[in-house]
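For clarity, every value in this text was computed on a predicted model and none was experimentally measured. Heads up: numbering here begins at 1 and tracks the sequence.
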Amino acid sequence: MDVKRLLLLIPLAILAYLIVVQWNQDYGQATQAPEAPAITDDSPASSRETGEADGGNLSVPSGGTSNAEMGSEMPGSEATASSRDLVAVTTDVLDVRIDPQGGDIVYAALPQHKYAENSDQPFVLLSDNSTRSYVARSGLQLEGHQGRIAFSPEQTEYRLAEGDDQVQVDLRATVNGVDVIKRFTFDRDSYAVNVTYLLDNPSETPVTARFVGQLVRDNSSDPSSGPKMGMSSFLGAAFSTPEDRYLKVDFEDIRDGKFNNRDVEGGWVAMIQHYFTSAWAPPQNQQNLYYTATDSQNRNVAAFAGPTQTLGAQSEATLAATLYIGPKIQDRLEAVAPNLELTVDFGWLWFIANPLFWLLDHIHDLIGNWGWSIVILTLLVKTALLPLSAKAYKSMARMRKLGPEMQRLKEQYGDDRQKMSQEMMKFYQKEKINPLGGCLPILVQMPVFIALYWMLLESVELRHAPFMFWITDLSVKDPYFVLPILMGASMFVQQLLNPTPPDPTQAKIMKLLPVVFTFFFLWFPAGLVIYWVVNNITSIAQQYFITRKIEADPNVGKGMKTK
């Protein structure tokens, strides 16, 4: 294969990859940050206006049952006026609203993550209004009871007090003689909420009970992504089982019933989007059923049901699960359930991206600035790949120096391609040139570059993180396009150091690449562009030094002079 053509294909392959990523972006319109619903029931949630979403009996599929046979609704009943008062809970990292009718979390805001960079409003992950419906439901399937449990809260407002490490919210009810306490436990600096049913059966009749947790979301766009070019994070459900550590199920597959119910030990279910997630993690030592469905409002349901337990006469029982509502921070997710950190989706090159993020995180711990951490990480990666880069630059430098002789051979044997190929191979052997020497090292490095790309895109740590000067958010584009222009200029300088393609068409395409790349990088997050700029500048320095050294070496091209 013509080496020059192969060299041309490398940047074109990168460009094609970036174009595909860009056009796969779901251009969701950024909506105004949802307000927290009032503690009294003035929120426009359709489930309260009609009773439909919360109505119907709970019908959980048995293992292997098709989704079409599965009822998705939580047990429901008409809410009374008093039960419509929402319970407000505020901690240092969460601001949630709980509906006593069933005990669902219908609103969750994250005070430490703002809706927009210069906004005072927190980012709202869960909400149920006319704009978006995304809630975390949990229910108790209790023998002999049909419908949602109408709980009575002890108070309607809770706040994590200064100096306290925990706040506990108890909702109480008596169902068919069984005393039920639904307890929400919120810990300081934690996005994990422990949801527990405390059951007391004072009667002489045993009853069965089952914990069901659901994540319910409509098809609205991802507000954490917005209309940003270049980002293509997954929006949908995810499951983890012993057989599949991380299985993504998009909304279309949920509606088509393509997810096969899983009855397994442990596991978790999540709804994921760019930067943030919600997840139910039941006890890992019990058998759990995972399933998907759509409800009566055509919302997507991803859920689990714990094992049915028998509550004996005059006995007590506890059913529990953990609900995570927050940013996709790996160490926090890992502490909730095994493999939950995989919701930080680094793509098919995760095995490269994960060590890179680990290194980036430790660099940030030392210097405290994510922008400079990216700079240092890029330099470390370039240093580690220097042997490969040096081989590529040496090969290109030798071809650059010997370009006139190669052009002469092409002109001399241009009409006889077989003869020209033979003479070129003799020339390569005489001058100790590897035609693929400039290509293979770059191809080996491409997975590292792509892994870095996805790692920087998926890291919530870069959201609203400042660098310096006018770069106040590494997750969005440079507002003045300085970094993309620097990136394009650095690509142009790199081309000056590369051998000129003998084909005029190839030469013109190569000259256009910096312009094309600059155009696409105008909308890329600043953190990514910083990586490319530093990578290019470092490459220029390495290539310039090696090129000067090769050009000054009298042994290179010696055979050409003595021919």
Salt bridge (Lys or Arg N to Asp or Glu O under 4.0 Å) between E341 and K328, intermediate numbers included: CA-CA 7 Å; E341 72 277 4; K328 294 193 289 188; over 6 Å; no

Derivation and outcome, side chain to side chain contact (heavy atoms under 4.5 Å, CB included), residues K382 and Q542: CA-CA 10 Å; K382 290 295 292 182; Q542 293 174 348; 3.9 Å; yes

Derivation of the ring-ring contact (aromatic ring centres under 6.0 Å, His included) call for F239 and F259: CA-CA 10 Å; F239 295 84; F259 178 79; 4.3 Å; yes

From CA spacing to verdict: side chain to side chain contact (heavy atoms under 4.5 Å, CB included), I325, F276: CA-CA 8 Å; I325 318 169; F276 302 97; over 6 Å; no

Intermediate values then yes/no, side chain to side chain contact (heavy atoms under 4.5 Å, CB included), R245 and L342: CA-CA 8 Å; R245 295 169 61 236; L342 296 180; 3.8 Å; yes

Steps toward side chain to side chain contact (heavy atoms under 4.5 Å, CB included) verdict (M271, F251): CA-CA 10 Å; M271 281 284 184; F251 292 153; 3.8 Å; yes

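Rounding to the nearest 0.5 Å gives a distance of 13.0 Å between CZ of F481 and CE of M487. The line from CG of L474 to CD of E461 is 12.0 Å long, rounded to the nearest 0.5 Å. Once rounded to the nearest 0.5 Å, the distance linking OH of Y191 with CD1 of I329 reads 5.5 Å. Atom CH2 of W280 is separated from atom CG of N288 by 12.5 Å, given to the nearest 0.5 angstrom. Within the model, atoms CD1 of I540 and CD of Q494 stand 5.0 Å from one another, a figure rounded to the nearest 0.5 Å. With rounding to the nearest 0.5 angstrom, the OG1 atom of T277 is 6.5 Å from the CG atom of L340.
Two residues are said to be in side-chain contact when any heavy atoms from C-beta on lie closer than 4.5 Å; V264 and Y290 meet this criterion. Between I98 and F184, some side-chain heavy-atom pair lies under the 4.5 Å cut-off. At a threshold of 4.5 Å between non-hydrogen side-chain atoms, the residues V533 and N536 do not count as touching. Contact check for V301 versus T292: no side-chain heavy atoms found under the 4.5 Å cut-off.
Under the 3.5 Å distance criterion, the side-chain polar atoms of Y480 are left unmatched by any main-chain donor or acceptor of L483. Checked by atom type and distance alone, the side chain of S459 never pairs as donor or acceptor with a backbone atom of L456 at under 3.5 Å. Side chain of N369 to main chain of G371: a donor-acceptor pair is present (N/O by atom type, distance under 3.5 Å, no hydrogens or angles). Side chain of S240 to backbone of G267: no donor-acceptor contact under 3.5 angstrom is found. With hydrogens and angles ignored, the 3.5 Å screen pairs no side-chain donor or acceptor of D164 with any backbone N or O of Q166. A side-chain donor-acceptor contact under 3.5 Å links R132 to the backbone of L125. When atom types are taken as modelled, the side chain of D104 and the backbone of V106 share no donor-acceptor pair closer than 3.5 angstrom. A side-chain donor-acceptor contact under 3.5 Å links W268 to the backbone of P338. Counting only distance, with no hydrogens or angles, the side chain of D92 and the backbone of R188 share no donor-acceptor pair below 3.5 Å.
Between F211 and F304, the ring planes lie parallel to each other; the angle is under 30°, not in the 30° to 60° tilted range.
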Distance-only donor-acceptor pairs under 3.5 Å for side chains of residues 349-367, two or more places apart:
unit_1 : atom_1 : unit_2 : atom_2 : d
N354   : ND2    : W350   : O      : 3.3
H362   : ND1    : W358   : O      : 2.8
H364   : NE2    : W370   : NE1    : 3.1

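With no hydrogens or angles considered, a side-chain donor-acceptor pair links T322 and N194 at under 3.5 Å. A donor-acceptor contact closer than 3.5 angstrom links the side chains of S133 and D128. In this model, a donor atom of one side chain and an acceptor atom of the other lie less than 3.5 Å apart for N300 and N219. Side chains of Q273 and S233: no donor on one and acceptor on the other come within 3.5 Å. Side-chain atoms of Q214 and Y291 form a donor-acceptor pair, as typed in the model, at a separation below 3.5 Å.
Remark: R463 is positioned above the aromatic ring of F123, its terminal NZ or CZ atom under 6.0 angstrom from the ring centre and at most 45 degrees off the axis. Taking the centre and axis of the six-membered ring of Y134, the NZ or CZ atom of R217 falls inside the cone set by 45° and 6.0 Å.
Partners of K182 according to the salt bridge (Lys or Arg N to Asp or Glu O under 4.0 Å) rule, which considers only residues two or more places apart in sequence or in another chain, do not exist here. K248 is linked by a salt bridge (Lys or Arg N to Asp or Glu O under 4.0 Å) to D345, counting only residues two or more places apart in sequence or in another chain.
Aromatic pair H274/F234: centroids not less than 6.0 angstrom apart. Between F467 and W372, the ring center distance clears the sub-6.0 Å criterion.
Checked for salt-bridge contact, R262 and E243 miss the test: no charged N lies under 4.0 Å from a carboxylate O. The pair D99-R137 does not meet the salt-bridge criterion, since no charged nitrogen lies less than 4.0 angstrom from a carboxylate oxygen.
When each of F517, W523, F521 is tested with F519 by the rule ring-ring contact (aromatic ring centres under 6.0 Å, His included), just one qualifies, namely W523.
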